[in-house]
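Report on the following structure.
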There are 2 protein chains.
Amino acid sequence: MVTIKDVARMAKVSPSTVSRVISDSKSISEPTKERVRAAMKELGYHPNVIARSLIRRSSQALGVVLSRSAESAFSNPFFAEILRGISKVTQRCQYSLVLATAENYKEEARQCLQMVMERRVDGVIILASRVNDQLIENLSETEHPFVVVGRVDGDQHHYAVNNDNIQAAYSAVRHLLNLGHKKVAFLNGPVEYTFCQDRYQGYVMAFREFGLTVDERYICHAENLHADGYKYSQQLLQLKPQPTAIFVADDLMVIGAYRAIKEAKLVIPDDIAVVGFNDDAFTNLLDPPLTTIRIPIYEMGKAAAETIIAVLNGDQVIPPQRILSSELLIRDSCGAKRLVRV
Amino acid sequence: MVTIKDVARMAKVSPSTVSRVISDSKSISEPTKERVRAAMKELGYHPNVIARSLIRRSSQALGVVLSRSAESAFSNPFFAEILRGISKVTQRCQYSLVLATAENYKEEARQCLQMVMERRVDGVIILASRVNDQLIENLSETEHPFVVVGRVDGDQHHYAVNNDNIQAAYSAVRHLLNLGHKKVAFLNGPVEYTFCQDRYQGYVMAFREFGLTVDERYICHAENLHADGYKYSQQLLQLKPQPTAIFVADDLMVIGAYRAIKEAKLVIPDDIAVVGFNDDAFTNLLDPPLTTIRIPIYEMGKAAAETIIAVLNGDQVIPPQRILSSELLIRDSCGAKRLVRV
DNA sequence: GTATAATGGTTACCATTAAAGATGTTGCAC
DNA sequence: GTGCAACATCTTTAATGGTAACCATTATAC
């Protein structure tokens with residue numbers, strides 16, 4: 001294995017000079033730099049990041065916790081997109097990305113804590129915060145920096161990046177109510193996630209504004225974003241009076257919802273309107289194309305990574321919480337276009 | 001920061017004794033172990049993996065290269081599922097998972113090589129091999145172990161895990177030909193991937209067996225698995241005579257294909273049969289549920305991780321190439337069930 | 001002739017572990 | 001009871017590859 005000493009010997013300088021050439025210190029003359037670089041190339045030398053990390057007390061790596069059981073997490077386009085944003089920044093800042101993945105959240109949290117305590121990563125990004133998140137509590141005690149994608153309930157001292165879930169859900173439901181719908185059902189995700197709580201709150205807010213009372217029978221909470229859309233949509237469609245619109249808290253559940261609606265011989269949007277959340281790539285290919293909320297997921301990923309790296313650099317991050325805004329994308333499933341056309 | 005020395009001081013032993021307690025060496029007496037463990041707990045000590053990696057010359061980490069531009073890669077359920085399999089094993093074997101992600105493959109390959117050369121990871125798993133893969137060539141030169149998920153064309157010396165793409169595509173197309181279809185179109189993915197090449201070969205094989213000639217007009221190659229399904233399906237439907245069946249090389253493109261077919265006022269499977277590939281989670285929720293090929297993706301991920309870890313442990317891996325078999329799942333989109341019913 | 005800057009060498013770590021060495025203890029033959 | 005080997009149990013030492021703080025040397029400016 002080629003070490004810094006081999007390079008030093010070849011370039012006829014001391015190891016520390018080589019080290020300074022690597023970090024491009026300006027106290028080394030250009031000719032020396034050239035000679036050292038030539039030697040590095042000739043020997044095929046690559047600095048050993050492990051050794052560097054040891055003395056610098058920094059691994060130049062960020063941990064990412066998916067915060068879901070791995071089964072459902074990866075295949076969610078949300079994670080895909082946010083990882084893309086994160087990796088964009090880590091790449092630019094020369095950080096590497098370590099994934100904490102496990103079958104369940106508890107195990108994932110354990111792995112994350114271990115990663116941090118063992119110095120494998122300098123900081124952590126937690127995707128999708130939970131209500132009363134145990135990991136967040138434990139991480140806080142370790143004094144290691146972390147940033148949460150989502151809302152941290154209770155404490156306001158954490159670094160966090162989020163989208164405006166309440167506002168976005170509110171505007172989606174308001175949109176449906178404005179179209180004349182009275183029975184707007186809500187197909188929500190697991191209650192333990194803060195984003196589901198927030199979207200619920202936005203739903204309630206819109207009802208309040210229209211002087212309508214929320215009927216809890218028209219609200220259901222799926223346990224699994226992938227599988228449960230179909231099942232719960234069927235339940236909602238059996239209610240009397242039948243809902244004339246469904247607001248779905250995550251686009252993944254829309255596939256199942258569409259199927260249930262079509263099986264019930266209902267036409268979207270004529271018989272029932274549907275509005276989703278996330279603007280996953282496939283939603284534009286559905287029949288009819290889905291009206292949904294576009295979240296700047298990629299930007300959130302970038303913001304999260306930038307935040308944690310800034311904190312690691314000792315920079316001030318003000319404010320610690322950043323909220324990016326979403327946007328209602330009106331396509332065909334809500335019926336608004338049809339109305340305009342008439 | 002708590003180090004091994006602090007623990008040693010507290011337990012009144014030498015640092016190396018603490019080290020041996022950590023690795024549970026049997027040359028340490030039980031009372032000493034207890035004393036040391038108590039000290040570790042009291043001080044909240046966690047071994048520094050960086051220092052350990054330095055002397056052990058192993059980072060206990062595996063790199064994963066997605067081998068696609070990050071945009072399309074993450075959101076592909078294939079990667080989700082295979083990462084799940086990989087992480088299952090890495091977790092059990094105490095390895096951590098480092099992701100090489102970038103906007104394009106070239107950059108991703110660069111990052112992967114750097115990871116390896118800088119000793120950040122002990123080995124690499126390459127997902128989805130390409131034809132004439134430059135990364136594979138470069139990695140071979142470094143002597144660092146890696147395993148490919150997919151087929152490596154040319155060389156047979158690499159470790160690889162794959163599914164039986166040729167055989168599976170063959171049986172899917174044979175299934176359609178057996179149902180009486182003559183004009184079976186093929187919506188394939190990017191030609192640079194070996195799995196697309198193999199599925200093409202299976203398609204041709206089935207045609208040969210039935211004594212049919214392959215009409216290249218009925219074959220198209222999408223550049224992007226997400227976006228292009230719709231566009232190319234439209235093209236295929238405009239052919240005269242119109243195809244009576246479409247074999248789609250990746251389920252992701254099926255969403256677009258279904259849309260194009262429905263827009264053309266055709267009924268699946270009555271007017272046109274569709275068979276997909278991958279058995280992505282959503283395919284069972286489509287209308288009609290998709291006949292597709294189930295690949296043991298999770299198992300492939302596990303096998304890939306087990307292979308690379310075995311290689312790192314110096315174990316013999318024979319044979320270096322493992323091929324797992326897939327299975328044709330007959331649902332409603334191919335029309336076979338309808339026939340049986342009649 | 002001295003102050004200053006430019007340049008690069010020396011040395012002491014960083015946290016851990018493998019290997020070799022030290023210490024005491026036990027077993028057994030004589 | 002002594003001598004010696006074998007063993008158990010720990011300590012000491014020397015690495016691992018790299019970097020930063022501190023020097024030493026030389027060149028230039030004043």
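Naming convention: chains lettered A, B, ... in sequence-line order (proteins, then strands); numbering from 1 in each chain. Atom set for the values below is all heavy atoms of this structure, side chains included, hydrogens, waters and symmetry mates excluded. Just so we're clear, the structure is a prediction, and the values are computed from it rather than from any experiment.
At a non-hydrogen distance threshold of 4.0 Å, nothing from residues 36-49 of chain A comes into contact with DNA chain C. Within residues 16-23 of chain A, the residues having any heavy atom closer than 4.0 Å to DNA chain C are, in order of number, Ser16(A), Thr17(A), Arg20(A).
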Donor-acceptor pairs under 3.5 Å, side chain of residues 305-322 of chain B to any protein atom, not counting sequence neighbours: which ones?
residue   : atom : partner   : partner atom : Å
Thr307(B) : OG1  : Ala303(B) : O            : 2.7
Asn313(B) : ND2  : Ile309(B) : O            : 3.4
Gln321(B) : NE2  : His158(B) : O            : 2.8

Distance-only donor-acceptor hits, side chain of residues 109-117 of chain B, under 3.5 Å, sequence neighbours excluded:
residue   : atom : partner   : partner atom : Å
Arg110(B) : NE   : Glu107(B) : OE1          : 3.4
Arg110(B) : NE   : Glu107(B) : OE2          : 3.1
Arg110(B) : NH1  : Gln114(B) : OE1          : 2.8
Arg110(B) : NH2  : Glu107(B) : OE2          : 2.8
Gln114(B) : NE2  : Glu118(B) : OE2          : 3.0

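In this structure, the side-chain contact (heavy atoms from CB on, under 4.5 Å) partners of Glu34(A), at least two apart in sequence or on a different chain, are Glu30(A), Arg37(A). Scored by the side-chain hydrogen bond (donor to acceptor under 3.5 Å, both in side chains) test, Glu192(B) finds no partners at all (sequence neighbours excluded). Take Arg151(B) and apply the side-chain contact (heavy atoms from CB on, under 4.5 Å) test, not counting sequence neighbours, and it matches Asp153(B), Asn162(B), Thr194(B), Gln197(B), Asp198(B). With sequence neighbours excluded, the residues that form a side-chain contact (heavy atoms from CB on, under 4.5 Å) with Arg119(A) are His144(A), Met1(B), Asn48(B), Ile50(B). When the side-chain hydrogen bond (donor to acceptor under 3.5 Å, both in side chains) test is applied to Ser19(A), no partner is found at least two apart in sequence or on another chain. With sequence neighbours left out, the side-chain hydrogen bond (donor to acceptor under 3.5 Å, both in side chains) criterion links Asn138(A) to Gln134(A).
Here the range on DNA chain D touched by chain B, meaning any atom under 4.0 Å from one of its heavy atoms, is dT9(D) to dG17(D).
A donor-acceptor contact under 3.5 angstrom links the side chains of Ser29(A) and Thr32(A), judged on distance only. In summary, the side chains of Thr90(B) and Ser87(B) do not present any donor paired with an acceptor at a separation below 3.5 Å, with no hydrogens or angles considered.
Of the residues near DNA chain D, Val13(B) and Ala51(B), the one whose nearest nucleotide (by heavy atom distance) lies more toward the 5' end is Val13(B). Nucleotides of DNA chain D nearest to Leu54(A) and Ile28(B) differ in position, and the one nearer the 5' end is that of Ile28(B).
If one axis is set at each end of the helix from dG1(C)-dC30(D) to dC30(C)-dG1(D) from five pairs, those axes are 50° apart, to 10°.
Rounded to an integer number of Å, the gap from NZ of Lys12(A) to P of dG9(C) is 12 Å.
Using a 4.5 Å heavy-atom threshold, the side chains of Leu66(A) and Phe79(A) count as touching. Contact of the Val65(A) side chain with the Phe146(A) side chain is not registered, since no non-hydrogen atoms from C-beta on lie closer than 4.5 Å.
Here the shortest heavy-atom pairing between Met40(B) and Val7(B) reads CG-CG1, 3.6 Å.
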